[in-house]
Amino acid sequence: MNTGRAGTAAPPNPAVGAHDPTSSAPATSKSTRPVNQLVHEVTELATRLVQQEVQLAKAELAEKGKRAGLGSGLVGGAGLLAIIGLQAFVAAAIAALALVLPLWAAALIAGERSC
């Protein structure tokens, strides 16, 4: 009881063994690849991921280093300005005390108070 015509083949099922030429995926399905090939691909992908993470970390650290260098330079400049301001304050105190005391005594008192 063959109801079909003799000599004609059934149309191919697109879900079985079909390969789209525009697709970048390999023709074999992932379930038919050997385990060693899958392990090899996983290790390659993991290695590539680690390398990319290291490159990203280097770039981030370089950027943070530049900002830290700028910040430390600004802090150093502010510290230098503070020291110069303190010296000016001590000189003003010496000059004020020199009005009522000898200069050496005024410098001695102001120097002792600034320490």
Visitor: Apply side-chain contact (heavy atoms from CB on, under 4.5 Å) to Glu41 and list each qualifying residue two or more places apart in sequence or on a separate chain.
Guide: Arg33, Gln37
Visitor: Suppose clustering is done on Ile, Leu, Val, Met, Phe, Trp and Tyr with side-chain heavy atoms closer than 4.5 Å. Which residues sit in the same group as Val35?
Guide: Val39
Visitor: Could you pull out all residues at least two apart from Ala106 that satisfy side-chain contact (heavy atoms from CB on, under 4.5 Å)?
Guide: Ile94, Leu97, Ala98
Visitor: Less than 3.5 Å apart, which donor and acceptor atoms pair up between the side chains of residues 63-80 and the rest of the protein, not counting sequence neighbours?
Guide:
unit_1, atom_1, unit_2, atom_2, d
Glu63, OE2, Arg67, NH2, 3.2
Ser72, OG, Ala68, O, 3.2
Ser72, OG, Gly69, O, 3.0

Visitor: Only counting residues at least two apart or in another chain, list the ones meeting side-chain contact (heavy atoms from CB on, under 4.5 Å) with Ala105.
Guide: Leu101, Pro102
Visitor: For residues 48-62, please give each side-chain donor-acceptor pair under 3.5 Å, one per line with the distance, not counting sequence neighbours.
Guide:
none

